[in-house]
Protein chains: 2
Amino acid sequence: MIDLSFAEENYLKAIYHLSSAGQNQVNTNAIAERLETKPASVSDMIRKLSEKGVISYVKYQGVNITEDGKKKALWVIRKHRLWEVFLVEKLNFHWDEVHDIAEQLEHIRSSLLISRLDEFLGYPKFDPHGDPIPDAEGIISSKPRMILSGLNVKSKVKLVSLKDTGNAFLNYLDRIGMKIGSRIRILDIIEFDGSVEIEIDNRKRLTISKRVADNLLVVAD
Amino acid sequence: MIDLSFAEENYLKAIYHLSSAGQNQVNTNAIAERLETKPASVSDMIRKLSEKGVISYVKYQGVNITEDGKKKALWVIRKHRLWEVFLVEKLNFHWDEVHDIAEQLEHIRSSLLISRLDEFLGYPKFDPHGDPIPDAEGIISSKPRMILSGLNVKSKVKLVSLKDTGNAFLNYLDRIGMKIGSRIRILDIIEFDGSVEIEIDNRKRLTISKRVADNLLVVAD
DNA sequence: GGCGATTTTTAGATTCGCCTAAATTGTCTT
DNA sequence: AAGACAATTTAGGCGAATCTAAAAATCGCC
């Protein structure tokens with residue numbers, strides 16, 4: 001059970017994300033685009049990863065991640081998200097500043113380090129973007145996330161993540177007093193433009209545009 | 001001012017340590033031995049590092065680190081030692097467990113991360129082994145370390161580091177109540193076998209063997 | 001001061017991760 | 001159903017970092 005290289009871990013992570021966010025069959029170009037590399041490089045790496053048993057693939061027909069591959073990907077994701085919590089909670093980074101650093105830290109090899117870090121952080125269940133943190137066995141025990149704009153009137157949900165993490169959007173959310181963890185009740189949906197009337201934390205009522213609602217990821221509450 | 005690769009950073013660090021622990025001229029074999037690599041690989045890397053201006057060298061005549069190289073080496077050392085403090089102080093690692101992990105963490109690229117970490121740790125001046133932590137400018141402001149067995153009677157010193165970090169030695173120190181930071185007064189030195197009578201923290205008196213005294217690094221107090 | 005031993009460098013190969021260019025396979029449109 | 005076009009793979013090459021084997025330079029001993 002030899003370790004994967006940094007590059008291999010990054011490919012595997014990309015394949016995991018693509019396959020869990022869409023169909024099972026992940027295609028070469030999608031991986032290349034996600035990793036900002038060339039399809040030819042992806043083909044090369046796919047061969048190596050499949051020799052190592054973390055993905056299975058048939059030429060010209062895309063990639064499937066294996067159970068072993070999924071476990072390894074989730075281990076990297078666990079490390080990434082725990083480090084993000086550390087950076088935000090302990091080192092006072094803002095949640096939109098931590099990705100690049102966590103992208104490096106996720107490759108540090110030491111399972112003892114990660115279990116100690118987990119303990120130090122108080123066993124967090126979500127990272128600062130609202131994404132769930134897999135446990136040491138790679139199990140994600142959390143509700144599926146949904147996009148607010150896809151829900152029905154009267155839904156009661158909790159904000160767990162954002163799709164857009166640009167400053168303009170973050171500032172807007174600050175201004176209306178909405179943050180990760182906020183309870184949201186959907187009061188009405190305007191058919192004309194898709195804007196949504198909501199109540200935040202049982203206190204504040206306001207209307208948000210469809211554009212905003214498209215970028216709010218929530219779980220049933 | 002392009003970043004050095006991980007391997008380049010490791011070579012530079014080794015060269016720095018060798019040149020500050022001995023003569024200026026560092027020879028190829030010494031570097032190879034320290035990095036557990038082959039002299040041929042070292043020759044190759046030396047060429048590259050000197051092209052980048054971090055060392056200067058004349059063929060067959062060893063290596064000198066430049067000012068720029070020293071600065072870069074000290075930056076890596078600063079990161080290494082701060083991470084060691086983090087691992088011991090925050091994650092409850094024992095000081096003899098942290099080296100391999102810090103060896104990985106020292107290559108993480110983000111000066112903001114390091115300044116935040118420094119702040120989080122309360123601007124420590126020494127790592128868990130007693131080695132001084134360079135500041136952000138690469139300046140080490142701390143007294144030179146000495147070996148206890150080389151001092152005279154009546155010296156008053158502070159324990160800052162150990163040469164032997166094996167478990168047997170650490171257990172012994174625990175047992176006699178000596179730890180990094182302990183104040184030590186030298187009461188007498190037995191000529192016959194070089195053992196040393198000391199007083200620890202103005203409380204406890206005992207005699208330690210020369211062998212033990214050889215492994216205690218102290219600074220004037 | 002010369003010669004054998006040691007140190008250092010060079011030469012040539014390998015693996016990894018990437019690239020470009022070209023060939024191949026698959027899909028879609030008409 | 002046959003091209004045209006898109007996706008994918010192969011071929012060949014490159015730089016980084018390593019190695020072994022061999023050549024070159026230096027050191028040190030007599």
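Naming convention: chains lettered A, B, ... in sequence-line order (proteins, then strands); numbering from 1 in each chain.
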Novice: Should the pair A:Trp83 and A:Phe86 be assigned to parallel (<30°), tilted (30 to 60°) or perpendicular (>60°) ring geometry?
Specialist: perpendicular
Novice: Of all of residues 29-51 of chain A, which get a heavy atom below 4.0 angstrom from DNA chain D, listed by number?
Specialist: A:Asn29, A:Pro39, A:Ala40, A:Ser43
Novice: Looking at A:Arg34 and A:Leu18, would you say the former's side chain and the latter's main chain have a donor-acceptor pair under 3.5 Å?
Specialist: no
Novice: Look only at the side chain of A:Arg78 and the backbone of A:Ile133, and say whether a donor-acceptor pair between them is shorter than 3.5 Å.
Specialist: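 Side chain of A:Arg78 to backbone of A:Ile133: no pair is present.
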Novice: Using 4.0 Å as the upper bound for N to carboxylate O, is an ion pair formed by B:Lys210 and B:Asp214?
Specialist: yes
Novice: Got a sec, which residues hit side-chain hydrogen bond (donor to acceptor under 3.5 Å, both in side chains) with A:Glu97, two or more places apart in sequence or on another chain?
Specialist: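 Counting only residues at least two positions away or on another chain, A:Glu97 forms no side-chain hydrogen bond (donor to acceptor under 3.5 Å, both in side chains).
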Novice: Can you give me the first and the last nucleotide of DNA chain D (5' to 3') that has an atom within less than 4.0 angstrom of a non-hydrogen atom in chain B?
Specialist: D:dA16 to D:dT26
Novice: Pick the closest DNA chain C nucleotide for A:Lys59 and for A:Lys52 by heavy atoms, then say which residue is nearer the 5' end.
Specialist: A:Lys52
Novice: Using atom types as modelled and distance alone, determine if a side-chain donor or acceptor of B:Glu8 lies under 3.5 Å from a backbone N or O of B:Ser5.
Specialist: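 Here the side-chain-to-backbone pair exists.
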Novice: Determine, for A:Lys158 against A:Asp221, whether the closest basic-nitrogen to carboxylate-oxygen distance falls under 4.0 angstrom.
Specialist: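 Salt bridge flag = no for A:Asp221 with A:Lys158.
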Novice: 5'-most contact on DNA chain C: A:Ser5 or A:Tyr60, nearest heavy atom basis?
Specialist: A:Ser5
Novice: Listed in order of residue number, which residues of residues 6-14 of chain B have a non-hydrogen atom at under 4.0 Å from DNA chain C?
Specialist: none
Novice: If you look only at pairs with a residue in residues 59-73 of chain A, which of them pass as a side chain to side chain donor-acceptor pair (under 3.5 Å), with sequence neighbours excluded?
Specialist: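 Applying side chain to side chain donor-acceptor pair (under 3.5 Å) to every pair that reaches into residues 59-73 of chain A, excluding sequence neighbours, yields A:Gln25-A:Asn64, A:Asp68-A:Lys72.
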Novice: So A:His129 and A:Trp95, would you call those rings parallel, tilted or perpendicular, with 30° and 60° as cut-offs?
Specialist: parallel
Novice: Distance-only, no hydrogens or angles: does the A:Lys79 side chain make a donor-acceptor pair with backbone N or O of A:Ile108 under 3.5 Å?
Specialist: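 Checking the backbone N and O of A:Ile108 against the side chain of A:Lys79, a donor-acceptor pair under 3.5 Å is found.
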Novice: Determine, for B:Phe93 and A:Arg116, whether the Lys NZ or Arg CZ falls below 6.0 Å from the six-membered ring centre while staying within 45 degrees of the axis.
Specialist: yes
Novice: Only one of B:Asn215, B:Leu173, B:Leu216 passes side-chain contact (heavy atoms from CB on, under 4.5 Å) with B:Asp164; say which it is.
Specialist: B:Asn215
Novice: Provide the start and end nucleotides, 5' to 3', of the part of DNA chain C that has atoms under 4.0 Å from heavy atoms of chain A.
Specialist: C:dC16 to C:dG26
Novice: Could you check whether any side-chain N or O of A:Asp118 sits under 3.5 Å from a backbone N or O of A:Ile114, counting only pairs where one atom can act as donor and the other as acceptor?
Specialist: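 No; zero donor-acceptor contacts below 3.5 Å.
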